[in-house]
Every structure is written in structure tokens, then in C-alpha cells.
Amino acid sequence: MHLAIYLPLFFPLLAGPAARPLADRLEPRLATWVLTTASVVLAAGSTTVLGLLALAGLVRIPRIARLADLSPAVLGRDDPAWVPVAVPAAVLLLAVTVVASRFLVRRVRAVCAAVLESACFPGQDPLVVMEESAADAFAMPGLPGRIVVSTGMLSTLDETERAILFAHERAHLRAHHYLFAAAAQLAATANPLVRPLAAQVSYTVERWADEAAASTTGDRRRVAVTVGKAALATKRSGGLGRLPAAALGLLGRRGAERRMDGEPTGLDKAGPVPRRVAALLSPAPTGGKWRAMVTAAYLTAAVLCTVEAAQDLHEVLERAGGG
């Protein structure tokens, strides 16, 4: 246990190097599931271990050990947590609990507000057109969900490109992409080491919707052109600043890229919009399954280490209780 209890704290270290290859090489739907699951599993594992270390250190306090009828001698011999480790673990656990709880409350409020606002639009038509010159388009969760598009965006696109825009936003609503983004962001709040995974989830849900639009229209190049035109229109009009917190749009959470109409940059350093355009101008991704399998094995190892650590601590407490 002395090793198993610490291992889950190190598993998230590979999140950064692995995040982008998974996002680029896997089919977008699979990539979204893999990256979201990895974010949640790794953050949950590290948070659980912080709790185990804090508990293991807590029971070594003589007064608490006596209250719990635990043997100090057994705990001193078998307990894996040193006090210099348990105290920082307890502080980190408290910090994680506070920031994650605050994020969760804010996100639940944002989703509830979006659902309420969506319900307040007149009629049952999922398409809502705003009289606004700024270019905006986004999907709002709700019953029913709504696709909100400004007249400025509609005037930028032709009929085919509007159909692509609507197909993209319908994909966001149909697959509940806001839940994937929220889960990954909550995990990143709990453990900053998984932030690269959460950032790629924001990208892959857009790629998922891009591929859905391409499948609907049968023209990947035209979808790429639509994404580019919408990005430039949004950047010039400054429309995406009003995107609701729980909504997802054609350009994602970050809006148009700063270099969309500036000097060129290598794809390895490009932002989400240029990457999506480049992906749409390439054949649809079909490979990378072995990366998903390796990731699944890695996450399984993280889960097993966490379970082993919890089981071993339970056995230590049982021995201390009988000593």
C-alpha cells in the first residue's frame, strides 16, 4: 500500500502529452468519450487518494485514535501516511472540495438559467433568430433545446452554409455536448494536471458536430469554408462575447482565432478553428483505435491502484481496531 496510495497522484502527469494526439487521431465522437472519461477518472483517483492520505494521517493523532478505538502501535507500524504528507494532502483536499463545489454550483446555475431562457422563447421551433448585426450562433440546452442565430450571422452565410450551421448546432443539442464539456471542466478544476484533457474536449465536441454536419451535407470542404467564414464574421463583429455559459457554438467557447486573418502559423501551434478547418479538408478520421485501447488500459491501472489503496487502508484500520 505504501506505493499504491501514491501512484494515482502521478497518473495525471501523462495527461498533457497524451491529450492532443488523442484529440487529433481518434474519431471525434470516440475522442470526446475517451478524453472526458480520462479527465474524470484521473481527477477522481487523485482526489480519492488525497482523502485517503488525509484520513490515514488523521487517525495517527492519539486522541482521534483513542476515540476510534484504534491501536497507535499498529497504526505507527502499518499506516502508510507520514504526517508531513498527510497535512498537505488534507489542505489540498479542502482546496479541491471548495473550488470544485463552487464550479459545480456555478455550472448547475448556468445550465438551469439556459434551460429557463430556452423555455422562455416563444413557440416550440428550435430555431430562434435574433435581430442583431453581430455574428452569433449557438445551441442552448433545454426542453426543447434552442438554436440561436443572429441576423448578422445569417447574412454572412448562403443557404447551403446556413444548413451546415444548423446541422452543427443540432448535433450539439442531440448529443448533449455541454455535459461532456462540464464534466471535463469539473475534473480540471479538481486537478489542474488534467486541464489539457479538458481543453481538448472543448475541441473534440466541435469536431464531433463538424463531422455530423459534414455527414448531413456530404461536403466536408463546404463545412470547412463555413467554419472559416463564421470565424471571420464573429471576430470582426465581436459577437461571441455574449455566448451563454452553458451554450456551445459553431466556434466553440474561445471564439474566432486571433490569427485567422493574420500571418500563418504551423498547425502544431494553431488554435481550434484552424485545426478544425484542416481536419475537415482531410479525410474523415477512422484510425487510432489502439490509442483508445492503451488509454483504457492506463485508466484501468489508475482505478485499480486507487481501489487497492482504499482496500489496504481499510485493512490497516481493521487491524488497528483489533489490536
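For this chain, numbers begin at 1 and follow the sequence in order.
One finds no salt bridge joining Asp125 and Arg146 here, because no Lys/Arg side-chain nitrogen approaches an Asp/Glu carboxylate oxygen to under 4.0 Å.
For the pair Glu27 (side chain) and Leu30 (backbone), a donor-acceptor distance under 3.5 Å is present. Proximity of a side-chain donor or acceptor of Ser150 to a complementary backbone N or O of Ala134 within less than 3.5 Å is detected.
In this structure, His172 and Ile147 have side chains that are not in contact, with every pair of non-hydrogen atoms separated by 4.5 Å or more. Taking the side chain as every heavy atom from C-beta outward, Thr37 and Thr295 never approach each other to under 4.5 Å.
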Q | Criterion salt bridge (Lys or Arg N to Asp or Glu O under 4.0 Å) on Asp210 and Arg220, from CA distance to verdict | A | CA-CA 9 Å; Asp210 288 343; Arg220 298 175 60 79; over 6 Å; no
Just list the side-chain donor-acceptor pairs under 3.5 Å for residues 152-161, sequence neighbours left out, or say none.
from   : atom 1 : to     : atom 2 : distance (Å)
Ser155 : OG     : Thr151 : O      : 3.3
Ser155 : OG     : Gly152 : O      : 2.8
Thr156 : OG1    : Gly152 : O      : 2.9
Asp158 : OD1    : Thr160 : N      : 3.1
Asp158 : OD1    : Glu161 : N      : 2.8
Asp158 : OD1    : Arg222 : NH2    : 3.3
Asp158 : OD2    : Arg222 : NH2    : 2.5
Glu161 : OE1    : Asp158 : N      : 3.0
Glu161 : OE1    : Lys229 : NZ     : 2.8
Glu161 : OE2    : Lys229 : NZ     : 3.4

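Listed by chain and number, the residues in a side-chain contact (heavy atoms from CB on, under 4.5 Å) with Ala163 amount to none (sequence neighbours excluded). For Tyr298, the ring pair (Phe, Tyr, Trp, His ring centres under 6.0 Å) partners two or more places apart in sequence, or in a different chain, are Phe11.
Leu104 belongs to a hydrophobic cluster whose remaining members, ordered by chain and number, are Phe103, Val108, Leu186; membership requires side-chain heavy atoms of ILVMFWY residues under 4.5 Å apart, directly or through intermediates. The hydrophobic cluster around Val105 extends to none of the other residues, as no ILVMFWY side-chain heavy atom falls under 4.5 Å of it.
Applying the side-chain hydrogen bond (donor to acceptor under 3.5 Å, both in side chains) definition to pairs two or more places apart or across chains, those involving residues 43-55 are Ser46-Asn191.
Between Trp33 and Phe180, the ring-plane angle classifies as perpendicular under the 30° and 60° cut-offs.
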